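Keep in mind the model is a prediction, meaning the values are calculated, not measured.
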Amino acid sequence: MANQSSPYPILCASFNQDNSGFAISTKDGFKIIDSNTGRLCYDRAVGAFIIVEMLYSSSLLAIVGAGEQPSLSPRRLCFFNTTTGAPLREMNFLTSILAVRLNRKRLVVVLQEKTYIYDSNSLSMLDTIDTVPNLKASEQGTIIRIHLVSEATKSYSFRRGTCSSTIFSLSFAPSLQLPDILVATSSSGSVHIFSLGFETNQRTKKSGSFLGSILPYSVNDALDPAHHHVLHNAVSAGVRSYAVVRKVDNVADSSSSEIASCRAIISLIAYNGYFQEYAFTLNSQNESTWSLEREFNLVAVISGNAETS
C-alpha cells in the first residue's frame, strides 16, 4: 500500500505473487530482496516511489513515483525492466494512483474513485469500476468480513478487537483451493491470525454458549474468538506494517489421517526498517504458539550479507 507521508525510512513494501521475494522503497530508491535468504537482488537509487510491484521473480516491475520530482508523478504508472534499467511503458491517470496489483493475466490500477482492469499482456482495458473515497477500507478496523467471490456471499466475520485501529494489511495463505488462514496487521502493533477452515467451519457450527445459540451466524461469528490468534507488540504501535503467510504445512496424526496441527510461516515488514519472520503453530485443541525465526534490518541490507538475528 502506498504511503506518501511516512515518517519512517520505508515508503512502501510488497511481496511478489509467490512470496519468494519482496520490494521496498525508500526516499532514495527501491530494493528487491530474496525472502528466503535476505539477499539484496536489485537496488536502484533514482528517487522516492510509493508503489513497487513485482511480477513473480521476473525483471518486470510496476512502479509509481512519490511526486518529489516532476518525472516521478504519483499519477504515472511505469513498467520498468530491471535487466536493462530502462522503462518499458508508461500509463498516465487523472488522479494519484493508490494501489497496483499485477499477475500474468491481469493488471489492476486503483484510484480514489475508480478502478481500472487491464489485460497484462496487451494492456488493453477490460473494465472500469466506479468506487467511492475510502482511505482506510474501514471506519474502525474492528470487524473483518470475508466474502466468497464465486458466490458473492459473506462467508466469515471476525472481530479483530474492540478498540478502533487502522488496518494496514490483510493477506490470505497460499492455497490451491480456499485458503485456511488470514493474517492481518494494524496500527495497534499486533499481528492477527484468523483460521478459516482448520478443525471447524464457522459457517456450519455455532458457539455452544447460550448467546451463540440465539444469535444469527454472521453476528455469532464476529463474537466468537475461538479462531482468532494474536501476537501482541510485534511492532511498535502506530508503525505501518505488512504481513503475508508464506507457507502452511498441515501435520497429520501418526495414528490416523486427521490433521493434528498446522504450521504457518509469517513474514512481516515494518516500515521502521525491519523484516521479521515468525513460525505460527496451531494444534487440534486450538492452542497456538508463536516463535520469531529471524529478523534483520532492511535499510542496512547489502548484497549477499544481511544482518540476521
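Of the possible donor and acceptor atoms, one in the side chain of Tyr271 sits under 3.5 Å from a partner among the backbone N and O of Ala13. With hydrogens and angles disregarded, a donor-acceptor distance shorter than 3.5 Å links the side chain of Ser187 to the backbone of Thr166. Of the possible donor and acceptor atoms, one in the side chain of Asn283 sits under 3.5 Å from a partner among the backbone N and O of Glu287. At distances below 3.5 Å, at least one donor-acceptor pair connects side-chain atoms of Ser14 with backbone N or O atoms of Val52. Judged by distance alone, the side chain of Ser120 and the main-chain N or O of Arg106 form a donor-acceptor pair under 3.5 Å. A donor-acceptor pair is defined here as one N or O able to donate and one able to accept, closer than 3.5 Å; such a pair exists between the side chain of Gln17 and the backbone of Tyr56. No side-chain donor-acceptor contact under 3.5 Å links Arg44 to the backbone of Gly47.
Residue Tyr274 qualifies as open at atom OH: its count of foreign heavy atoms under 6.0 Å is 12 or below.
Asn19 pairs by the side-chain contact (heavy atoms from CB on, under 4.5 Å) definition with Phe15, Val244, Arg246, not counting sequence neighbours. With sequence neighbours excluded, no residue forms a ring-ring contact (aromatic ring centres under 6.0 Å, His included) with Tyr42. Residues satisfying the side-chain contact (heavy atoms from CB on, under 4.5 Å) test with Leu170, not counting sequence neighbours, are Ile144, Ile167, Leu182, Ala184.
Side chains of His192 and His229: a donor-acceptor N/O pair is absent below 3.5 angstrom, by distance only. In the model, Thr115 has no side-chain atom that pairs as donor or acceptor with a side-chain atom of Thr131 under 3.5 Å. Inspection of the Ser169 and Ser171 side chains reveals no N or O donor paired with an N or O acceptor under 3.5 Å. Between the side chains of Ser267 and Glu277, at least one donor N or O lies within less than 3.5 Å of an accepting N or O.
Note on residues 109-118: pairs passing salt bridge (Lys or Arg N to Asp or Glu O under 4.0 Å), not counting sequence neighbours, are Lys114-Asp130. Screening residues 9-29 for salt bridge (Lys or Arg N to Asp or Glu O under 4.0 Å), with sequence neighbours left out, gives no hits.
Between Phe275 and Phe22, the ring centre distance stays below 6.0 Å. Ring centroid separation for the pair His227 and Phe194 does not come in under the 6.0 Å cut-off.
Looking only at side-chain heavy atoms (C-beta outward), Leu231 and Ser190 stay at 4.5 Å or farther from each other. Considering only heavy atoms from C-beta on, Cys41 stays 4.5 Å or farther from Lys31 through its side chain.
A chain of hydrophobic side-chain contacts below 4.5 Å, direct or via other Ile, Leu, Val, Met, Phe, Trp or Tyr residues, connects Val109 to Met91.
Taking every heavy atom of both residues into account, Leu107 and Leu123 meet most closely at CD2-CD2, 3.8 Å. Among all heavy-atom pairs drawn from Leu61 and Phe30, the shortest one is CD1-CE1, 3.4 Å. Between Ile266 and Phe280 the shortest heavy-atom distance is CG1-CB, 4.3 Å.
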Side-chain donor-acceptor distances from residues 73-80 under 3.5 Å, at least two apart:
unit_1 : atom_1 : unit_2 : atom_2 : d
Ser73  : OG     : Arg75  : N      : 3.0
Arg75  : NH1    : Phe93  : O      : 3.3
Arg76  : NE     : Asn92  : OD1    : 3.1
Arg76  : NH1    : Ser71  : O      : 3.1

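Taking CG from Leu111 and OG from Ser96, the interatomic distance works out to 8.5 Å, rounded to the nearest 0.5 Å.
Under the 4.0 Å criterion applied to side-chain N and carboxylate O atoms, Arg263 and Glu293 are assigned as salt-bridge partners.
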